Amino acid sequence: MSLLEASREQLRRIPFLSRRRLGHFIDGRVHDPVGGAYLPVVDPATELLIAEAADGSAADVDAAVASARATFESRSWKSLRPADREAMLYRLSELVAANGDELSALETLQGGKLREVARRIDVGGGAELVRYMAGWATKLEGQTLDNSISIPGPQWLTYTRREPVGVSAAIVPWNFPLAIALWKIAPALAAGCTVVLKPSEQTPLTALRLAELVMEAGFPGGAVNVVTGTGATAGAALAAHPGIAKVSFTGSTATGKRVGHAAVDNMTRFTLELGGKSPAIVLEDADLDQVAQGICTGIFFHQGQVCTASSRLLVQRPVYGRLLDKLARAARSMRIGSGFDPQTELGPLVSRRHFDRVMDYIDEARAEGATVVTGGRRALEGGWFVEPTIFADAPARAAVVREEVFGPVLVATPFDEVDEAVERANDTPYGLAASVWTRSLSAAHRIVPRLQAGTVWVNAHNVLDNALPLGGYKQSGTGRDLGRAAVEGFTELKSVCMAV
């Protein structure tokens with residue numbers, strides 16, 4: 001079956017796409033966009049138009065925020081017990097898992113993701129995340145404090161309590177549209193907030209289907225609203241909206257800075273999970289077969305379209321050549337094709353625009369003197385496929401070394417001493433993640449505290465756990481997704497002082 005035939009077959013199997021024109025989801029119902037405009041949703045493997053989604057405006061955002069605000073302030077929402085929200089979230093996790101075939105197919109159609117990856121990570125991991133966050137609904141707590149108030153007279157009772165921050169905006173990227181939407185919706189609902197979700201205009205399908213599942217799980221209509229459209233219009237209006245109490249954004253550092261500036265004008269709380277240029281430091285005692293497998297996963301998983309991708313490889317010189325050979329052989333053997341083919345190991349990039357951006361970085365690296373170890377070309381005719389690419393000998397200030405390519409592009413550099421590797425690893429405006437590869441636990445323990453990164457893996461890369469907070473140092477963001485920190489990020493901490 002050809003790539004085009006595979007995509008058309010999937011389109012026929014998904015009832016959700018029979019409408020083809022998809023409106024916003026506001027107050028529990030589908031709404032046509034105020035301006036009547038729609039944007040194309042295109043399969044990046046075939047360039048096939050698969051649907052059209054509403055091109056949202058500021059007026060659409062106003063309607064969604066009003067719905068979320070009305071629900072948040074309603075007596076029925078405020079009367080829900082934490083255990084009630086927990087039960088609805090648990091039901092949502094079951095619905096995500098039960099609709100896994102449809103959701104994973106939508107992920108592959110709109111973003112080119114491998115179907116099996118979507119099943120395991122986006123659907124399976126997403127359902128587990130919702131179950132994890134469901135438990136937090138009944139476990140948020142304050143403290144009773146022994147006070148030292150010196151005012152004579154009454155006795156004092158002092159304590160703190162956590163309260164939902166209010167209507168929250170969730171702005172999610174195109175690389176993991178379902179998973180990251182759940183990262184933001186689930187803790188917000190667990191904390192007692194309501195949500196307006198804005199997916200990327202390139203990958204809106206799973207967000208809209210998810211909104212239907214939220215309703216099926218028993219949440220009221222305004223608990224989760226979805227406005228689709230561009231970041232420049234719908235996203236900007238949402239980030240700057242005075243009715244939003246908290247913005248949770250995942251995306252590029254450049255866009256994140258604009259979101260943060262807009263939020264600060266209203267003193268809106270915000271969490272920003274932004275770009276990365278994550279180093280992987282390989283010491284000479286490391287198991288090179290384990291390293292080769294881990295680094296290939298770290299950089300070529302989802303075509304390198306991962307914020308924590310291991311895009312900078314720093315290898316101690318005695319094993320540099322051997323490891324580079326292993327990586328090159330593994331890259332050349334990868335099967336490229338449709339995400340619906342279970343044999344495929346590398347799918348397409350998300351769009352023509354992003355394909356052009358990645359190829360520009362590759363061409364610029366060549367021009368700056370970097371050596372192409374393998375790859376560096378377009379793969380297949382039709383669709384936006386790029387060969388897995390490895391560079392060596394790139395100048396330290398080359399764009400491919402300094403900037404986030406967000407594609408299947410690895411830059412390898414040798415080092416002699418560990419201090420040199422740590423210095424190079426930290427020589428970046430980013431600080432999202434890093435990894436260390438060694439058989440020596442003492443070496444790992446010495447290096448980990450020196451790395452300026454929000455997450456450090458040892459003998460692994462791109463491994464997430466729902467209980468481990470995810471976020472970055474420096475220009476990789478502020479605040480954290482996942483874990484207890486994510487739920488508490490959707491709350492305000494109130495202090496109470498009572499004369500008794």
Side-chain angles (χ1 to χ4, degrees), residues 2-4 6-7 42-48 107-118 173-176 200 202-203 252 275-278 280 292 295-313 324 327-341 343-368 370-392 394 398-412 461-462:
S2 70
L3 299 185
L4 191 59
S7 293
V42 176
D43 173 9
T46 63
E47 305 172 53
L48 176 70
E107 288 285 89
T108 300
L109 280 169
Q110 68 182 355
K113 185 170 297 177
L114 304 190
R115 179 76 177 275
E116 294 308 310
V117 168
W174 47 257
N175 58 337
F176 290 90
S200 167
Q202 294 162 305
T203 54
S252 72
K277 193 68 178 174
S278 301
I295 296 300
C296 279
T297 300
I299 186 59
F300 300 133
F301 169 65
H302 194 29
Q303 297 72 258
Q305 299 170 131
V306 181
C307 55
T308 56
S310 56
S311 55
R312 289 189 296 148
L313 179 63
L324 212 56
L327 290 169
R329 287 199 299 272
R332 293 185 192 112
S333 70
M334 294 186 77
R335 178 164 175 166
I336 303 171
S338 167
F340 291 111
D341 183 346
Q343 302 303 313
T344 293
E345 297 171 282
L346 198 78
L349 299 185
V350 71
S351 66
R352 170 61 185 267
R353 179 182 178 184
H354 189 55
F355 169 86
D356 289 342
R357 179 180 182 273
V358 171
M359 291 306 299
D360 284 345
Y361 272 110
I362 291 172
D363 293 341
E364 185 176 354
R366 283 197 184 96
E368 290 179 317
T371 301
V372 178
V373 177
T374 189
R377 297 181 299 270
R378 180 174 188 164
L380 307 184
E381 289 299 324
W384 313 121
F385 297 89
V386 174
E387 292 179 334
T389 300
I390 301 174
F391 280 108
V400 75
V401 175
R402 302 289 300 171
E403 299 175 17
E404 186 177 37
V405 177
F406 222 62
V409 180
L410 175 68
V411 182
H461 203 101
N462 275 349

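Worth saying up front: this structure is predicted, and the values here are computed from it rather than measured. What's counted below: heavy atoms across the whole structure, side chains too, no hydrogens, waters or symmetry copies.
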Checklist entry - Which atom names give the shortest non-hydrogen contact between Thr389 and Val386, and what distance separates them? => result OG1-CG1, 4.5 Å
Item to check | Pro388 side chain reached by Glu345 side chain, heavy atoms, under 4.5 Å | outcome: no
Next on the checklist: Just to verify, what does Arg366 make a side chain to side chain donor-acceptor pair (under 3.5 Å) with, not counting sequence neighbours?
Outcome noted: Asp363
Item to check | Heavy-atom check, side chain of Leu349 versus side chain of Pro408, under 4.5 Å | outcome: yes
Next on the checklist: Using the side-chain contact (heavy atoms from CB on, under 4.5 Å) criterion, which residues pair with Gln343? Sequence neighbours excluded.
Outcome noted: Arg335, Asp341
Checklist entry - Where is the tightest heavy-atom contact between Glu368 and Ala398, given as atom of each residue plus distance? => result OE1-CB, 3.1 Å
Item to check | Partners passing salt bridge (charged side-chain N to carboxylate O under 4.0 Å, His left out) against Asp360 (at least two apart in sequence or in another chain) | outcome: none
Item to check | Residues which pass side-chain contact (heavy atoms from CB on, under 4.5 Å) with Ala280, listed by chain and number, not counting sequence neighbours | outcome: Ile295, Ser310, Leu313, Ser435, Trp437
Checklist entry - Does Thr297 have any side-chain contact (heavy atoms from CB on, under 4.5 Å) partners at least two apart in sequence or in another chain, and if so, which? => result Phe301
Checklist outcome for this item: Residue set satisfying ring pair (Phe, Tyr, Trp, His ring centres under 6.0 Å) with Phe406, at least two apart, ordered chain then number -> Trp174
Checklist entry - Any salt bridge (Lys or Arg N to Asp or Glu O under 4.0 Å) pairs touching residues 402-412, not counting sequence neighbours? => result Arg402-Asp427
Checklist entry - Who are the ring pair (Phe, Tyr, Trp, His ring centres under 6.0 Å) partners of Phe355, not counting sequence neighbours? => result Trp384
Checklist outcome for this item: In terms of heavy-atom contacts, Ala370 and Phe391 come closest through CB-CD2, 3.7 Å
Checklist entry - Taking C-beta and beyond as the side chain, do Phe176 and Val306 meet within less than 4.5 Å on heavy atoms? => result yes
Checklist entry - Residues in salt bridge (charged side-chain N to carboxylate O under 4.0 Å, His left out) with Arg352, at least two apart? => result Asp356
Item to check | Residue list, salt bridge (charged side-chain N to carboxylate O under 4.0 Å, His left out) with Arg378, at least two apart or on another chain | outcome: none
Item to check | Residues in side-chain contact (heavy atoms from CB on, under 4.5 Å) contact with Ile390, at least two apart in sequence or another chain | outcome: Phe300, Leu324, Leu327, Ala331, Val373, Thr374, Leu410
Next on the checklist: Any heavy-atom pair between the side chains of Val405 and Lys277 that's under 4.5 Å?
Outcome noted: yes
Item to check | side chain to side chain donor-acceptor pair (under 3.5 Å) partners for Asp43, two or more places apart | outcome: Ser7, Thr46
